[in-house]
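Worksheet for the structure shown next.
Every chain is numbered from 1, with letters handed out A, B, ... down the list of sequences.
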There are 2 protein chains.
Amino acid sequence: MLRSFRELCAQHGIAVTHQRQVLYETMQSMCGHPSPEEVFAVVKQRIPSISLATVYKNIHLFVESGVFRELSMHHGTLRVEMNAQPHHHMVCSVCRKVEDLPDEQLNVQALQPVLPSGFVVERVSVDVIGVCADCKSRPN
Amino acid sequence: MLRSFRELCAQHGIAVTHQRQVLYETMQSMCGHPSPEEVFAVVKQRIPSISLATVYKNIHLFVESGVFRELSMHHGTLRVEMNAQPHHHMVCSVCRKVEDLPDEQLNVQALQPVLPSGFVVERVSVDVIGVCADCKSRPN
DNA sequence: CTGATTGCAAACGGTTTGCAGGCTT
DNA sequence: AAGCCTGCAAACCGTTTGCAATCAG
């Protein structure tokens, strides 16, 4: 379970640099889902000369090599829901296309979430993440 | 079911303008979840003089007044998942804070989604959307 | 008539890129 | 030694804002 950063890098085929190691440790130590700017501010305390570009490059490297994951598979730009029916989404992890999935096709009531008290639920949204038929058949 | 745009505006307390009406009709007619730029390109065919700023202003107005909804409740900036355990999310619709919800606290296997053939599922991600305790207690 | 809405252009904020020098392997 | 990685500054792109002219109620 407790493995060194060197091993982790070897496993993912990426070089071990000081910036990379401090960034990794910092991200692991931060709770929640901080933004790149927030991570940058903390890393800067240990490496004052680090640049924001390096933080971005390495966060992407970590995500691409599978060390971390992206929080949301959705598009980066504003997307609006015009479908007024209750429904959920199928998201393609390759092309990021989002398709609707009618609520009846999912047994959402069965979820029965155990939540901390104080959180007032408005609705439950399910994303079925995978690879769409188009991306599956496309060679690349 | 079939109600006029005038009625819809009256109901939401917003003024009826030509741009607004064409934008609404265009968005309703586009399938999927087009970006503001994509909507703009289509609306421009009917109103060549319309500006992108107007499209943005009105999409926001539609979302604020409840005519449409936002596709994803997540932050606009890049957020990374450092928690390697299988889990889901509780998202506050007010402050957009995201908290983790361990997979065991949700009966996800019970969902049994009915999917179109050709879609290969990687995982199912559940967002429990609501208002967190902090935002609930905060007066504003 | 009054306030809301529009189109424009400039500003903005988060993110990416090109590049010269430095570090890892 | 070869190539990857860093820091910098400029570019980028989606989005927002300020403003004067125009429109809806």
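As rounded to whole Å, 17 Å separates atom C1' of D:dT6 from atom CZ of A:Arg46. To the nearest angstrom, C1' of C:dT24 lies 13 Å from CZ of A:Phe5. Between the CG atom of B:Asn58 and the P atom of D:dT16 there is a distance of 13 Å, rounded to whole Å. Across the protein-nucleic acid pair, B:Gln21 atom CD and C:dT6 atom P stand 12 Å apart, rounded to whole Å. Taking atom CD of residue A:Glu38 and atom P of nucleotide C:dG13, one finds them 16 Å apart after rounding to whole Å. The separation between A:Ile59 atom CD1 and C:dG14 atom C1' is 12 Å, rounded to whole Å. What separates CD1 of A:Ile47 from P of D:dC8 is a distance of 12 Å, to the nearest Å.
A distance-only check finds no donor-acceptor pair linking the side chain of A:Glu122 to the backbone of B:Ile129 [under 3.5 Å]. In this structure, the side chain of B:Arg6 does not engage the main chain of B:Val16 through any donor-acceptor pair within 3.5 Å. A donor-acceptor pair under 3.5 Å is formed between the side chain of B:Glu38 and the backbone N or O of B:Ser35.
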- Note on the structure: Under a 4.0 Å heavy-atom criterion, the protein footprint on nucleotides 16-21 of chain C, written with B, S and -, is BBB---
- Message: One character per nucleotide, please: for nucleotides 20-25 of chain D, 5' to 3', B when the base has a protein heavy atom closer than 4.0 Å, S when only the sugar-phosphate does, - otherwise.
- Response: ----SS
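For A:Gln19, no side-chain nitrogen or oxygen approaches OP1 or OP2 of C:dC23 to under 4.0 Å. Put simply, B:Arg20 has no side-chain N or O that comes within less than 4.0 Å of OP1 or OP2 on C:dA4. At the phosphate of D:dG7, OP1 or OP2 sits under 4.0 Å from a side-chain N or O atom of A:Ser49.
With no hydrogens or angles considered, no side-chain donor-acceptor pair links B:Asp127 and B:His88 at under 3.5 Å.
Of all non-hydrogen atoms in A:Cys132 and A:Cys95, the two that sit nearest each other are SG-SG, 4.0 Å. Listed here is the closest heavy atom pair of B:His12 and B:Gly66: CE1-C, 4.1 Å.
The aromatic rings of B:His74 and A:His74 sit parallel to each other, their planes meeting at less than 30°, with 60° as the upper class boundary.
Position along DNA chain D of the nearest nucleotide to A:Leu61 versus B:Glu37 favours A:Leu61 as the more 5'-ward residue.
A side chain to side chain contact (heavy atoms under 4.5 Å, CB included) with B:Val22 is found for one member of B:Ile47, B:Val42, B:Asn58 and no other, namely B:Ile47. For the side-chain hydrogen bond (donor to acceptor under 3.5 Å, both in side chains) with B:His33, the qualifying choice from A:Arg79, A:Glu99, A:Glu81 is A:Glu81, the only one to do so.
Note on A:Ser35: nothing from the nucleic acid sits closer than 4.0 angstrom, heavy atoms only.
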